[in-house]
Amino acid sequence: MNFKTKLGLGILAFFALIAVIGEWIAPYDPSAMSDDALSPPSGAHWFGTTMTGQDIFSQVLVGTRGVMVVGLVCGVLATFLSILVGVTAGFLGGAADEALSMLSNIFLVIPALPLIIIVASMLPSADTVLIAAVISLTAWAWGARILRAQTMSLRRRDFVEAARASGERTWRIIVFEVLPNLLAVIGSGFVGTVIFAVMLQITLSFVGVISLSTWNWGTILFWAQSNQALGLGAWWWFVPAGLCIALLGTALALINFGIDEYANPRLRKVRA
């Protein structure tokens, strides 16, 4: 494991810890208002306060959970669907391959943003898990196509033919012979899906499409933009959330780079 991967995992573990304990260690209720309006960072309010006196540090801590839950749920669901469809299509071939490939192509062209806007408008009280599930429905198709191509290159390898000749069942060949050789591709696709889900959720929260009753980093940016924080010079209102987004994106990108270097020998550095 190289330094980039360790650094990315360390940052990701930090945010995961905050997602678990954020509500317990938050010094204030993130929605509670006070008379200390637009106060810059201080000992009482580490990240300052909003126009209504809400503590921004507490909002960032509590909002971390929503971001991490969406990324994790969407990554797991989309990866599962991509494995189920892509590996099955690539290994079986024939009519099954044609049908599953057509299904992947259909979901590949479905625009995620309009679909989520429609769902959010129909279900104003849509929770975080439901939003993650909708995002995952539009995020699995590309990974399925990649896994299908990789599986097609593996299904005629000698070790697969040997397992088939020995009478192994199809599902055992897929699980114990094919999938272990796809772990790097699956891991890279999972990380990429998490990045996509997190950025899309923050974008939807920032533009006010999804419910603003649940705190996340995008919600903080929405209220900062709505109240003209930049024009008021209240940089502390949007900078902390923006830095958290950048750090989380950097951590996931570093992990993805590490997976790419592990999977592709040409990207590995020559060590003395």
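If you're wondering where the values come from, they're calculated on a predicted model, not measured in any experiment. The analysis underlying the following values was restricted to heavy atoms, covering all of them including side chains, and did not include hydrogens, waters or symmetry mates.
Scanning all heavy atoms of the two residues, the minimum distance from Gly258 to Thr5 falls at CA-OG1, 3.1 Å. Looking at every heavy atom in both residues, Ser42 comes nearest to Ser39 through OG-OG, 4.4 Å. Contact between Leu182 and Thr151 at its shortest, heavy atoms only, is CD1-OG1, 3.6 Å. Val60 approaches Pro240 most closely through the heavy-atom pair CG2-CB, 4.3 Å. Heavy atoms only, all atoms of each residue included: Leu232 and Asn227 are closest at CD1-O, 3.5 Å. Annotation for Arg155 and Met152: closest pair CG-O, 3.6 Å, computed over non-hydrogen atoms.
For Arg65, the CZ atom sits in a packed shell: over 12 heavy atoms of surrounding residues, nucleotides or ligands are nearer than 6.0 Å.
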Donor-acceptor pairs under 3.5 Å, side chain of residues 75-98 to any protein atom, not counting sequence neighbours: which ones?
{"from": "Thr79", "atom 1": "OG1", "to": "Gly75", "atom 2": "O", "distance (Å)": "2.6"}
{"from": "Ser82", "atom 1": "OG", "to": "Ala78", "atom 2": "O", "distance (Å)": "3.2"}
{"from": "Ser82", "atom 1": "OG", "to": "Thr79", "atom 2": "O", "distance (Å)": "2.8"}
{"from": "Thr88", "atom 1": "OG1", "to": "Leu84", "atom 2": "O", "distance (Å)": "2.5"}
{"from": "Asp97", "atom 1": "OD1", "to": "Ser101", "atom 2": "OG", "distance (Å)": "3.0"}
{"from": "Asp97", "atom 1": "OD1", "to": "Arg148", "atom 2": "NE", "distance (Å)": "2.7"}
{"from": "Asp97", "atom 1": "OD2", "to": "Arg148", "atom 2": "NH2", "distance (Å)": "3.0"}

Tell me which donor-acceptor pairs under 3.5 Å the side chains of residues 11-31 have, and how far apart each pair is, sequence neighbours excluded?
{"from": "Tyr28", "atom 1": "OH", "to": "Ala44", "atom 2": "O", "distance (Å)": "3.1"}
{"from": "Asp29", "atom 1": "OD1", "to": "Ser31", "atom 2": "N", "distance (Å)": "3.1"}
{"from": "Ser31", "atom 1": "OG", "to": "Trp215", "atom 2": "NE1", "distance (Å)": "2.9"}

What side-chain donor-acceptor pairs closer than 3.5 Å can you find for residues 184-210, not counting sequence neighbours?
{"from": "Ser188", "atom 1": "OG", "to": "Asn256", "atom 2": "OD1", "distance (Å)": "2.8"}
{"from": "Thr193", "atom 1": "OG1", "to": "Gly189", "atom 2": "O", "distance (Å)": "2.8"}
{"from": "Thr203", "atom 1": "OG1", "to": "Met199", "atom 2": "O", "distance (Å)": "2.7"}
{"from": "Ser205", "atom 1": "OG", "to": "Gln201", "atom 2": "O", "distance (Å)": "3.0"}
{"from": "Ser205", "atom 1": "OG", "to": "Asn216", "atom 2": "OD1", "distance (Å)": "3.3"}
{"from": "Ser205", "atom 1": "OG", "to": "Asn216", "atom 2": "ND2", "distance (Å)": "3.2"}

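Side chain of Ser34 to backbone of Gly53: a donor-acceptor contact under 3.5 angstrom is found. Proximity of a side-chain donor or acceptor of Arg157 to a complementary backbone N or O of Ser153 within less than 3.5 Å is detected. Looking only at distances, no side-chain donor or acceptor of Thr49 sits under 3.5 Å from a matching main-chain atom of His45. With Ser226 contributing its side chain and Trp223 its backbone, the two residues share no donor-acceptor pair below 3.5 Å.
Proximity of Met102 to Ile106: side-chain heavy atoms (C-beta onward) are separated by under 4.5 Å at one or more points. Side-chain contact between Cys244 and Thr64: absent, with no pair of heavy atoms (C-beta onward) separated by less than 4.5 Å.
Linking Ile, Leu, Val, Met, Phe, Trp and Tyr residues whenever their side-chain heavy atoms come within less than 4.5 Å places Ile146 and Leu108 in a single cluster. Cluster annotation: Leu38 and Met33 are assigned to distinct hydrophobic clusters (Ile/Leu/Val/Met/Phe/Trp/Tyr, side-chain heavy-atom contacts under 4.5 Å, transitive).
Within the structure, no pair that satisfies the salt bridge (charged side-chain N to carboxylate O under 4.0 Å, His left out) test touches residues 241-258, not counting sequence neighbours.
Qualifying ring-ring contact (aromatic ring centres under 6.0 Å, His included) partners for Trp237, counting only residues two or more places apart in sequence or in other chains: none.
In this structure, Phe3 CZ and Leu7 CG are separated by 5.0 Å, a value rounded to the nearest 0.5 Å. Expressed to the nearest 0.5 Å, how far CZ of Phe107 lies from OG1 of Thr138 amounts to 9.5 Å. Between the CZ atom of Arg156 and the CG atom of Leu154 there is a distance of 12.0 Å, given to the nearest 0.5 Å. The line from CD1 of Ile245 to OG1 of Thr250 is 11.5 Å long, rounded to the nearest 0.5 Å. In this structure, Leu254 CG and Lys4 NZ are separated by 7.5 Å, a value rounded to the nearest 0.5 Å. Atom CH2 in Trp236 sits 11.0 Å away from atom OG1 in Thr50 (nearest 0.5 Å).
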- Query: Passes side-chain contact (heavy atoms from CB on, under 4.5 Å), Trp46 versus Asp55? Steps please.
  - Reply: CA-CA 8 Å; Trp46 289 5; Asp55 184 64; over 6 Å; no
- Task: For Leu230 and Gln225, run side-chain contact (heavy atoms from CB on, under 4.5 Å): C-alpha distance rounded to whole Å, both residues' side-chain angles, the deciding distance at 0.1 Å, then the answer.
- Result: CA-CA 7 Å; Leu230 182 61; Gln225 188 271 338; over 6 Å; no
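In the hydrophobic clustering, Trp171 connects to Val175, Phe176, either directly or through intervening members, whenever side-chain heavy atoms lie under 4.5 Å apart.
Using bins of under 30°, 30° to 60° and over 60° for the plane-to-plane angle, the ring pair Phe47/Phe57 lands in the perpendicular bin.
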